[in-house]
2 protein chains.
Amino acid sequence: MRGKLSVKQEKILTFMRQFLDENAYPPSIRDIQHGCGISSTSVVDYNLKALENMGLIRRDREVSRAIEVLGHRRNSNGIVSVPVVGQIAAGAPIDVPESGASVPDTSETIEVSERLLFGRDNVFALRVKGTSMIDALINDGDIVVFEPTNHADNGDMVAAWLKREGETTLKKYYLEGDRVRLQPMNTTMAPIYSSADNVQVQGRVLYVTRSMA
Amino acid sequence: MRGKLSVKQEKILTFMRQFLDENAYPPSIRDIQHGCGISSTSVVDYNLKALENMGLIRRDREVSRAIEVLGHRRNSNGIVSVPVVGQIAAGAPIDVPESGASVPDTSETIEVSERLLFGRDNVFALRVKGTSMIDALINDGDIVVFEPTNHADNGDMVAAWLKREGETTLKKYYLEGDRVRLQPMNTTMAPIYSSADNVQVQGRVLYVTRSMA
DNA sequence: TGTGCGTCAGAACGGGTGTTCCGATCTGGG
DNA sequence: CCCAGATCGGAACACCCGTTCTGACGCACA
């Protein structure tokens, strides 16, 4: 039941997206029926239930045209929903989502204009814990958007994974010989030195947001 | 026929906008009837025809829920497009958009999740010029979202209009007796003192964003 | 070969929905 | 006062629409 989409389900989904773009209101079951060349409304209902179980659409029962296609990007505004996949500080390890992996609906997201990401793909976000980057204008509670990368140039602000310590921290990255200096931007804190093979760069900072309300 | 909106028509329009934001599909005539406390569907139909003649909505006849409210941005998942209406620094005056005023489509916008604005309406954004708020973690080039208000409590970060000087600045606000202290968050800069009647608060900071790419 | 399961076709039911008609009420002007 | 037009209330009609029921078909599996 929770496997791949059938041809018919894919067709229904595509039709609903197209219908929404053209009409500003969702299609009825019979619209879908005729638009996809399906012979019976019960078949549409059957497949819609399957799509609903897979979490791809949401329906208000007994209400006409009350189908909502989840994750449908409006073509008018290039907005990317970036998943906030965890926290970053001096301790809590995080998982970086793999390319193409689906993100559970339960996770928090932050919306960012596509144009601010300069074409980066598979970006993710972390909530900052602690004040170690206060001098880089990043405060406790800020949400930081990363592009996934394993490479960093000196001075880049990165999420760095310390393999032996099992920690991920937000620091400035400097490669000095065969060791790495992870520099906090807080004059009261000392840098972390580690061997280069113990440091795994997970992402580079693209964007910072802070709520002041 | 083409004059002002009646109370009922205004109510219907407001209800439809709210319904669209909440439900992702348009309301039926009877939804409008009950939502606005109208006694008959024919009255709704009558007023919808009037709104259609005025060009405020568009309808597909004979199709249920086929009402499109023109000029209403379908924010797919509670996203508000906040207009970036100018810059704020130590000089350039800005115009704060009046409530309900339309913002030209040509202006830059920044997209923010509705939930981060805590119900504030008519918010606007400014691009920060200069480093006067560097110690408050706001840098040159950051975009700051404001809620429009004429009131500020001590310590609030506000956009303040200096009437005689014809300037708008981003500072922390402190009312001290009959004068106002506008405190930059930069240890190298001195505060501005001005009489209270010369200072007009234009908005309070809600949200800060910075692009690092 | 039979059984269960996923999928589909057709039809019908009941309530939802846009529309229309008739008449009442209100309002402004002659 | 009287009339015309705008607005409204109530009801009915015909179609739209989501749902459900019955049965059929194909396919994997024992």
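Numbered from 1 within each chain, the chains take letters A, B, ... in sequence-line order.
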Nearest-angstrom distance from the residue atom [atom1] of [X] to [atom2] of [N]:
{"X": "A/His34", "N": "C/dG10", "atom1": "NE2", "atom2": "C1'", "value": "13 Å"}
{"X": "B/Ile38", "N": "D/dA11", "atom1": "CD1", "atom2": "C1'", "value": "17 Å"}
{"X": "B/Lys8", "N": "C/dC26", "atom1": "NZ", "atom2": "P", "value": "13 Å"}
{"X": "A/Tyr46", "N": "C/dG10", "atom1": "OH", "atom2": "P", "value": "18 Å"}
{"X": "B/Leu48", "N": "D/dT7", "atom1": "CG", "atom2": "C1'", "value": "14 Å"}
{"X": "A/Leu51", "N": "D/dG18", "atom1": "CG", "atom2": "P", "value": "15 Å"}
{"X": "A/Lys11", "N": "C/dT7", "atom1": "NZ", "atom2": "P", "value": "17 Å"}

Contact under 4.0 Å: B/Asn47 side-chain N or O vs D/dC8 OP1/OP2: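 Indeed, a polar side-chain atom of B/Asn47 lies that close.
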Can a donor-acceptor pair be found, under 3.5 Å and without considering hydrogens, that links the side chain of A/Glu147 to the backbone of A/Gly203?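 No.
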Can you tell me which residue pairs pass the ring pair (Phe, Tyr, Trp, His ring centres under 6.0 Å) test with a partner in residues 23-52 of chain B, sequence neighbours excluded?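 Only B/Phe19-B/Tyr25 qualify under ring pair (Phe, Tyr, Trp, His ring centres under 6.0 Å).
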Have a look at the helix from C/dT1-D/dA30 to C/dG30-D/dC1 and give the angle its two end axes make, five pairs each, rounded to 10 degrees.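 Both end axes considered, the difference amounts to 10°.
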Tell me, do A/Trp161 and A/Val199 make a side-chain contact under 4.5 Å, heavy atoms counted?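 Counting from C-beta outward, A/Trp161 and A/Val199 never come under 4.5 Å.
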If you define the side chain from C-beta out and look only at heavy atoms, does anything of A/Lys8 sit under 4.5 Å from A/Cys36?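 No. Closest side-chain heavy atoms not under 4.5 Å.
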Salt bridge (charged side-chain N to carboxylate O under 4.0 Å, His left out) partners of residues 32-43 of chain B, not counting sequence neighbours, each pair once: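 Found none.
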For a quick check, with a 4.0 angstrom heavy-atom cut-off, what is the B/S/- contact string for nucleotides 11-24 of chain C, read 5' to 3'? B-----BBBBB---
Apply side chain to side chain donor-acceptor pair (under 3.5 Å) to B/Arg30 and list each qualifying residue two or more places apart in sequence or on a separate chain.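 Not a single residue meets the side chain to side chain donor-acceptor pair (under 3.5 Å) criterion with B/Arg30.
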Who passes side chain to side chain donor-acceptor pair (under 3.5 Å) against A/Glu52, sequence neighbours left out?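 Testing A/Glu52 for side chain to side chain donor-acceptor pair (under 3.5 Å), a comparison that skips the adjacent residues, returns A/Arg61.
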Return yes if a side-chain donor-acceptor contact under 3.5 Å exists between B/Asp45 and B/Ser42, otherwise no.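 Side chains of B/Asp45 and B/Ser42: no pair found under 3.5 Å.
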Just do the side chain to side chain contact (heavy atoms under 4.5 Å, CB included) check on A/Lys11 and A/Thr14 with the steps written out, would you? CA-CA 5 Å; A/Lys11 200 168 180 180; A/Thr14 302; 5.8 Å; no
